[in-house]
2 protein chains.
Amino acid sequence: MCYAFTMLSRIEKLCAEKGLKMTEQRRTISRVLSEATDHPDVEEVYQRANKIDHRISIATVYRTMRLLEDASVIDRHDFGDGRARYEESREDHHHLIDLNSGEVLEFISHEAQKLMEKIAAQHGYELVSQRFEIYGVKKGSKTPPSRRR
Amino acid sequence: MCYAFTMLSRIEKLCAEKGLKMTEQRRTISRVLSEATDHPDVEEVYQRANKIDHRISIATVYRTMRLLEDASVIDRHDFGDGRARYEESREDHHHLIDLNSGEVLEFISHEAQKLMEKIAAQHGYELVSQRFEIYGVKKGSKTPPSRRR
DNA sequence: GTAGATGCAAAGTGTTTGCGGGCGG
DNA sequence: CCGCCCGCAAACACTTTGCATCTAC
């Protein structure tokens with residue numbers, strides 16, 4: 001239940017580190033993000049934040065998302081639909097995108113992690129980030145439709 | 001040496017299949033694409049095509065890229081810089097993106113391929129496409145800089 | 001009190017599209 | 001010659017930004 005506490009400590013840590021102000025808008029957006037279990041886009045975050053506090057503009061959402069992303073508090077993803085999707089940062093998980101429903105499933109694969117590091121090393125590179133995404137349709141379903149914005 | 005032949009046969013096959021016209025513009029764009037060894041974006045393809053035949057507009061490049069992509073003649077990628085990058089379709093290779101130079105290295109990994117199929121299957125999905133990308137910096141180099149458009 | 005945050009609307013970017021004219025089959 | 005294709009410019013979707021105002025510290 002200590003969502004609020006958990007979330008605040010994380011954000012406050014960020015603000016302390018970077019000397020940022022903890023405004024009402026940032027608090028609201030942070031709350032929305034820490035309560036989300038999906039991968040909302042900016043518009044969606046904006047809608048949810050607006051329900052809580054309608055004095056919030058989409059420009060602020062964009063600015064705050066970038067802020068939190070730069071601080072590594074959230075991760076930005078691009079699942080191929082032309083806009084950014086976000087989630088609180090966590091380690092070691094990847095995504096399986098259902099091309100029919102747009103639903104995003106998460107999975108963990110240590111194998112993948114090790115494989116990436118190995119390949120990076122083989123090429124003389126240091127792994128900074130990676131993308132390991134699977135796009136598929138439920139077994140037995142028909143149309144492997146055309147994605148796209 | 002038979003670049004033109006190889007390329008034409010591919011495109012002509014596509015045109016035959018889909019009943020499309022082989023216009024001068026499409027021929028030029030196809031030639032540019034089959035000669036490329038990198039992963040040009042639309043602007044770059046446009047520049048190269050324009051050098052060969054300046055009666056070509058960027059709108060046509062966009063339309064042709066989509067056409068070829070839909071026909072699975074080329075693959076579209078998104079390496080996180082906000083625009084689409086293309087290459088002739090080939091199987092089983094993935095990308096390592098140098099975050100400092102933007103350079104894209106290719107590598108093959110059967111392990112990755114098998115891993116993806118396994119994971120998709122485990123979740124009851126049929127693998128349609130995947131993304132296996134490594135973003136890194138050369139070992140020993142400093143700034144793991146900020147990407148972004 | 002002041003640096004930094006916000007809201008608003010305008011500007012940017014990459015991409016798509018409606019339309020009249022042009023060209024390949 | 002007919003229908004698909006092209007160039008042009010306007011429209012789009014998402015994101016960023018300049019400026020005046022407001023607010024957390």
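All chains are named by letter (A, B, ...) in the order of the sequence lines, taking the proteins before the strands, and each is independently numbered beginning at 1.
For B:Glu24 and D:dC5, the CD to C1' distance is 13 Å, given to the nearest whole Å. If you measure from atom OH of A:Tyr46 to atom P of D:dT16, you get 16 Å, rounded to the nearest angstrom. Rounding to whole angstrom units, CG of residue A:Asp53 and C1' of C:dT6 are separated by 12 Å. As a whole-Å value, the separation of A:Arg63 CZ from D:dC22 C1' is 13 Å. Taking atom CD of residue A:Glu69 and atom C1' of nucleotide D:dT16, one finds them 14 Å apart after rounding to whole Å. The CZ-C1' distance, from B:Arg27 to D:dC6, rounds to 15 Å in whole Å. Atom-to-atom, CG of A:Asp41 to P of D:dC14 comes out at 8 Å; the value is rounded to the nearest Å. Look at CD1 on A:Ile29: it is 13 Å from P on C:dA5, rounded to the nearest Å.
No engagement by B:Ile58 is indicated, since no non-hydrogen atom pair under 4.0 Å with the nucleic acid exists. Using a 4.0 Å heavy-atom criterion, one finds that B:Arg26 contacts the sugar-phosphate atoms exclusively. Residue-level contact check: B:Leu20 touches the backbone only, with heavy atoms under 4.0 Å from sugar-phosphate atoms and none from bases.
For B:Arg83, no side-chain nitrogen or oxygen approaches OP1 or OP2 of C:dT15 to under 4.0 Å. The phosphate of D:dT15 (OP1 or OP2) has a side-chain N or O of A:Tyr62 nearer than 4.0 angstrom. Side-chain nitrogen and oxygen atoms of A:Thr23 include at least one within less than 4.0 Å of the OP1 or OP2 phosphate oxygen of C:dT6. At least one side-chain nitrogen or oxygen of B:Gln25 sits closer than 4.0 Å to the OP1 or OP2 atom of D:dG7.
One finds a salt bridge joining A:Asp41 and A:Arg83 here, because a Lys/Arg side-chain nitrogen approaches an Asp/Glu carboxylate oxygen to under 4.0 Å. A salt bridge is absent between B:Glu44 and B:Arg85; no separation between the charged side-chain nitrogens and carboxylate oxygens falls under 4.0 Å. Using a 4.0 Å cut-off between charged nitrogen and carboxylate oxygen, A:Lys118 and B:Glu111 count as a salt-bridge pair.
You'll find that the side chain of B:Met22 is closest to C:dG25, out of D:dC14, D:dC25, C:dG25. Each of D:dC6, D:dG7, C:dG14 was ranked by its minimum atom distance to the side chain of B:Ser57; first place goes to D:dG7.
Note: A:Arg131 CZ to A:Met116 CE = 11.0 Å, rounded to the nearest 0.5 Å.
Comparing A:Gly19 and B:Ala84 by the nucleotide of DNA chain C that holds the closest heavy atom to each, the one mapping nearer the 5' end is A:Gly19. Take the nearest nucleotide of DNA chain D for B:Lys21 and for B:Val61: the residue whose nucleotide is more 5' is B:Lys21.
Taking the centre of each ring, A:Phe79 and A:His77 come in below the 6.0 Å mark.
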